[in-house]
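Step one of this worksheet: look at the structure below.
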Number of protein chains: 2
Amino acid sequence: MAQSDTVDRILDAAEELFAERGFSETSLRMITSKAKVNLAAVNYHFGSKNALIHAVFARFLTPFSATLEDAFDDLEAKCDGEPPTLNQTLWALTESAVRMPQRNEKGISIFMRLLGLAYTQSQGHLRKFLEQEYSQPFSRFMRLLKEATPQLSAVDRYWRIQFMLGATAFTMSSSDALRDILQNKLGVETTVQEIAARLVPFLAAGMQADDAMLVPPAHKTSVA
Amino acid sequence: MAQSDTVDRILDAAEELFAERGFSETSLRMITSKAKVNLAAVNYHFGSKNALIHAVFARFLTPFSATLEDAFDDLEAKCDGEPPTLNQTLWALTESAVRMPQRNEKGISIFMRLLGLAYTQSQGHLRKFLEQEYSQPFSRFMRLLKEATPQLSAVDRYWRIQFMLGATAFTMSSSDALRDILQNKLGVETTVQEIAARLVPFLAAGMQADDAMLVPPAHKTSVA
DNA sequence: GTCTGTTTGAAACATACGTTTGACCGGCAG
DNA sequence: CTGCCGGTCAAACGTATGTTTCAAACAGAC
């Protein structure tokens, strides 16, 4: 047992269960019994369930945000003054995510699902935690997006970023289920990397959709 | 009190609270106290909390799926043999949603958020309920999408539909919060209809992204 | 008015939750 | 050996949940 792998066992079990079931739907007793540790260990090592949730995110997000900053550094250095393109920016992000050292084969998709849940489940404490801990790489990404789409108005860009976020979080958050369905229906195997490779062009195309298309059709009973 | 508006008061309160806080995070006591009815009324009229959740969805979804079928009928009649375009299909969907008779001004966005939650929160019973109750309009929509994008392979189309679903569910599920942020940061008011008007072109563009873009960049440490 | 079936009301039910407690163990400094 | 201290453990704490109970209130038919 070395010094105490209890902490890591709790984090592993919590990460997996949170991703499967959500935060409120996962009890400490589920976590501790899956981790094969005593119930009190969570409160002893982390203080509270909320603090455990934060720790699960921090374990992934802290090294990831460092990796991401490096990727952005490389990208901006390579572009040498010119703002990186939208495709380059999106790829820098997904490459950073995919290249993260992973504890097991489902590492990335588990964490994508957690991020999706963090946005969806109205856990106020989590949003606050994420915003104040990782605001720097986030706003840097936003700045790159802005420079890559100068033709968009601020409002258009704002909404399209939300659309991108939604497509990504939602897809990745249920990527396991979606992969299974595809496997059963069409007999096709898919990796997270391949999903990302399909997602990025979709996002880029949507982000750069022609403004002329923004006009809704004639407002009759149905489409024009 | 007529015959019994208790049922409706419960449904109204439940709908709003579920949308605000999620299903597990909303207790029957919150619902009944907001609805100003007795706690036991929920179990008396609906049988269980899960059945109440189903009833909330059915109250909106049943008339909506009828409206949607009509819209698809109109669309296919108008196109007269030719398959409707992607834009037409997406607009038929959003128009149907927007035109639904609403109990209050936030009707649509509340319900969009509920649909998003239904997909996100792993409430097995809800997914099962929705799938078996509303499979018909869903598969019809899928067929229209297929006919509108014949150039896509089945696998490409499958994933891009997931991306669309994600962008829509995610955006709508947090549309209140997103509207508030936009209001504060840029001082812009937005309606659900306007969000839809921005979303549809984004989805259509992403759906029809050039296949050539599907190739990832050179697999070096960063982007090519 | 009386009866009958339906709806409400206050209270209790059993269960599950997050958290706290205090005893216990094992290694290590004195 | 003694004393300590970080860590583990079983058990209990108080609270909140979904559900059930049963008496009271109500409506409409006769």
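In the text below, chain A, chain B and the rest are named by the order of the sequence lines, each starting its count at 1. What you see below is based on every heavy atom in this structure, not just the backbone, and it leaves out hydrogens, waters and symmetry mates.
Note: CG (B:D5) to C1' (C:dT8) measures 13 Å, nearest angstrom. Whole-Å rounding puts the B:H125 NE2 to D:dG18 C1' distance at 13 Å. Going from atom NZ of B:K36 over to atom C1' of C:dT8 covers 17 Å, rounded to whole Å. Rounded to whole angstrom, the span from the CD1 atom of B:I10 across to the C1' atom of D:dT19 amounts to 14 Å.
With a 6.0 Å radius and a threshold of 12 heavy atoms from other residues, nucleotides or ligands, B:E69 has its CD atom above the threshold.
Taking the six-membered ring where the residue is Trp, B:F111 and B:F60 present parallel rings, their angle staying beneath 30° rather than reaching 60°. In this structure, B:F141 and B:F72 have parallel ring planes: the angle between them is below the 30° cut-off, well short of the 60° mark. Taking the six-membered ring where the residue is Trp, A:H125 and A:H54 present tilted rings, their angle falling between 30° and 60°.
Checking B:Q162 against A:T171 by side-chain atom types alone, no donor-acceptor pair falls below 3.5 Å.
Where the helix from C:dG1-D:dC30 to C:dG30-D:dC1 starts and where it ends, the local axes point in directions that differ by 20°; five pairs per end, rounded to 10°.
By the side chain to side chain donor-acceptor pair (under 3.5 Å) test, A:S27 is found to be paired with no residue, residues two or more places apart in sequence or in another chain being considered.
Between C:dT7 and B:T6, no contact under 4.0 Å exists linking OP1 or OP2 to a side-chain N or O. Within the structure, a side-chain polar atom (N or O) of A:H45 is placed less than 4.0 Å from OP1 or OP2 of D:dT8.
Proximity of a side-chain donor or acceptor of A:S65 to a complementary backbone N or O of A:T62 within less than 3.5 Å is detected.
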Evaluate salt bridge (charged side-chain N to carboxylate O under 4.0 Å, His left out) for A:E133 paired with A:K128, printing each intermediate quantity in order.
CA-CA 8 Å; A:E133 291 293 318; A:K128 221 164 286 180; over 6 Å; no
Sugar-phosphate means primed atoms, P, OP1 and OP2; the rest is base. With that split, encode nucleotides 10-22 of chain C 5' to 3' as B, S or - using protein heavy atoms under 4.0 Å.
B-B----BBBBB-
